[in-house]
Amino acid sequence: TIFGRQLGVIAGFRYGNSTQYDPSANANRASVQFDNSIGAYIPTIAKAEKRDASKETNGWSALLNMAYKLNSNNSISLLFMPNFTGVNNVYLGDEFSDSEKRTFTKSQLYEQRKQLVYQLRSEHYIPSQKIKIDFSTSYTNGRSSTPDFKNLQYQMDTTGGQVNYLIGNGIGDEIKRFFRNLDENILDSRISLEMPIGANINLLRKIKVGGSYQRNDQKYKQSVYKVITSNTILPDGDIEKFLDHSNFEISNYTDINGIERSKIDLFYSDFSGPANRTFGESSILSGFVMTDYTLVSKLRFSGGVRIEQAKLFTDIFLFDSLGLAKDDKRRFYDSS
């Protein structure tokens, strides 16, 4: 009891951790191809891969809910709920292939997610008019972030009976790193009013009106970096030695003409395009009216009408900042 009125509090906290590991997982990618010999489409396996996969998940969440009863006819409540999750995925892939080229994959993806939920709710009753009023509004602040997604592929080529390891430019998915962020914020508000019809308390007769508004904003950004190398041969298949930090440093040498020059064996190049940075926004405004009306003790009618207006807009940041029309030729480009 605070200031002579009731206050209720609910609080909670939860933490969880899980680790999954499978040293012999199989991943298959199916496809449908046309077989000219039988004149029909047949299902087939486009890619089969054995994976040594591991996944670790850590997360925590909390809850704080406070409800305050102003008087017998009015109450208000506040809620706060944070959620945080981090997932680390690592796998080593070894492709099954009947061809002379065998593809290996090394991948590590760490993703963290945050969601903060705020909610306000109030309930009111006007005795003189027997009117009930319910109001609620919530705001959700969400963010998904991939601070560093490493993915590389290289191949073992046995063409002609010789074993060569190939990596880099044009080999499989090459050597790439991705950095991703997605922000999503949602505002959701609604109000309703309910009042009786007539004075006969023995028959249920009431009308209810209300409205709601929802707003959703999203922003997405991805940066893509690819390792550029002048040598696509991977000595002895040693990926750790190939990607050693020293190979990313600038070194000096003297050419055959005695001229001092500089070179770099490996370097990152930004392959992000306009489509890697987008945004979207939507809003929904609605209203309704309904009635629950008892004609006689054994005959009851319930019905209503709802009207809704939705607006949705999404675009690429660059094209929107330039004010390009939806059919502007500058919107069409080669994403490769």
Side-chain angles (χ1 to χ4, degrees), residues 29-34 41 46-47 87 89 105 107-117 137-153 167-190 211-230 232 248 264 266-287 306-336:
R29 176 167 294 179
S31 68
V32 178
Q33 296 181 359
F34 188 80
Y41 287 94
K47 179 181 179 182
V87 182
N89 285 282
T105 302
S107 174
Q108 180 179 15
L109 168 63
Y110 177 77
E111 182 180 25
Q112 55 191 30
R113 294 182 179 182
K114 176 190 75 172
Q115 187 182 63
L116 304 177
V117 181
T137 183
S138 66
Y139 178 74
T140 302
N141 173 233
R143 182 178 178 86
S144 174
S145 176
T146 303
D148 192 1
F149 171 24
K150 306 180 183 73
N151 188 71
L152 69 88
Q153 283 191 344
I167 194 169
N169 310 344
I171 307 300
D173 287 338
E174 305 181 275
I175 311 173
K176 296 179 181 178
R177 296 176 78 168
F178 304 86
F179 302 84
R180 299 169 179 165
N181 289 302
L182 171 64
D183 293 297
E184 182 174 16
N185 301 316
I186 302 175
L187 174 67
D188 193 351
S189 300
R190 58 193 65 205
S212 66
Y213 175 75
Q214 185 183 88
R215 170 82 181 193
N216 189 333
D217 293 282
Q218 291 186 357
K219 293 181 181 179
Y220 174 76
K221 182 180 180 180
Q222 174 177 260
S223 298
V224 184
Y225 293 91
K226 184 189 298 186
V227 172
I228 306 299
T229 172
S230 58
T232 58
F248 288 87
I264 185 170
L266 302 175
F267 64 93
Y268 282 98
S269 181
D270 188 356
F271 275 74
S272 307
N276 289 121
R277 190 181 181 197
T278 63
F279 73 94
E281 55 191 41
S282 67
S283 63
I284 302 175
L285 181 64
S286 65
R306 172 185 170 91
I307 185 171
E308 182 177 291
Q309 182 190 53
K311 294 182 180 180
L312 175 67
F313 180 75
T314 181
D315 203 355
I316 293 174
F317 270 102
L318 176 62
F319 298 161
D320 180 71
S321 65
L322 295 175
L324 303 184
K326 63 181 181 180
D327 55 352
D328 193 297
K329 293 182 179 180
R330 287 172 291 180
R331 285 183 173 272
F332 303 91
Y333 68 99
D334 186 358
S335 60
S336 61

**Request:** Could you please spell out the steps behind the side chain to side chain contact (heavy atoms under 4.5 Å, CB included) verdict for I228 and F271?
**Result:** CA-CA 11 Å; I228 306 299; F271 275 74; 4.1 Å; yes
**Request:** Please list, chain by chain and in numerical order, all residues satisfying ring pair (Phe, Tyr, Trp, His ring centres under 6.0 Å) with F248, sequence neighbours excluded.
**Result:** Y268
**Message:** Can you confirm whether more than 12 heavy atoms, excluding those of R113, are under 6.0 Å from its CZ atom?
**Reply:** no
**Prompt:** What's the spacing between Q108 CD and N151 CG if we round to 0.5 Å?
**Reply:** 11.0 Å
**Prompt:** So with a 6.0 Å cut-off around OH of Y41, is the heavy-atom count from everything else above 12?
**Reply:** no
**Atom pair CG/CZ of L322 and R331 - distance to nearest 0.5 Å** = 9.0 Å
**Request:** Please assess Q112 against R143 for the test side chain to side chain contact (heavy atoms under 4.5 Å, CB included), listing each intermediate value before the final yes or no.
**Result:** CA-CA 8 Å; Q112 55 191 30; R143 182 178 178 86; over 6 Å; no
**Message:** Is the shortest side-chain heavy-atom distance between K221 and F317 below 4.5 Å?
**Reply:** no
**Message:** Measuring only between side-chain heavy atoms, which start at C-beta, is S145 closer than 4.5 Å to F179?
**Reply:** no
**Request:** First locate atom OG1 of T278, then atom CG of D315, and finally report the distance between them rounded to the nearest 0.5 Å.
**Result:** 9.0 Å
**Request:** Answer yes or no: is there a side-chain heavy-atom contact under 4.5 Å between F178 and N276?
**Result:** no
**Request:** Please lay out, stage by stage, how E111 and S144 fare under the test side chain to side chain contact (heavy atoms under 4.5 Å, CB included).
**Result:** CA-CA 7 Å; E111 182 180 25; S144 174; 2.9 Å; yes
**Message:** I need the minimum non-hydrogen distance between S212 and R190, along with the two atoms involved.
**Reply:** CB-CB, 3.8 Å
**Prompt:** Which atom names give the shortest non-hydrogen contact between I167 and T229, and what distance separates them?
**Reply:** O-CG2, 4.4 Å
**Item:** Smallest separation among heavy atoms of S272 and S223, with atom names
**Value:** OG-CA, 3.2 Å
**Request:** Supply the atom-to-atom distance S286 OG to Q309 CD, rounded to the nearest 0.5 angstrom.
**Result:** 10.5 Å
**Heavy-atom closest pair, residues A310 and I284** = CB-CG1, 4.2 Å
**Complete:** All heavy atoms of L324 vs all of D328, minimum pair found to be CD2-OD2, 3.8 Å
**Message:** Are the side chains of L318 and R277 in contact, using a 4.5 Å heavy-atom criterion?
**Reply:** no
**Asked** Which distance, rounded to the nearest 0.5 Å, do you find between the CG of L116 and the OG1 of T140?
**Response** 9.0 Å
**Evaluation steps, side chain to side chain contact (heavy atoms under 4.5 Å, CB included), between L182 and R180** = CA-CA 7 Å; L182 171 64; R180 299 169 179 165; over 6 Å; no
**Message:** Taking K219 first and then D217, would you say they form a salt bridge - that is, a charged N and a carboxylate O separated by under 4.0 Å?
**Reply:** no
**Request:** Look at K311 together with E281 and state whether they make a salt bridge at an N to O cut-off of under 4.0 Å.
**Result:** no
**Asked** Any chance CG of L312 has more than 12 other-residue heavy atoms, nucleotides or ligands included, within less than 6.0 Å?
**Response** yes
**Prompt:** NZ of K176: more than 12 outside heavy atoms within 6.0 angstrom?
**Reply:** yes
**Fill in**
Tightest non-hydrogen contact, residues N141 and N185, listed as ND2-OD1, 2.6 Å
**Rounded distance [0.5 Å steps], CD1 in I186 versus CZ in R215** = 12.0 Å
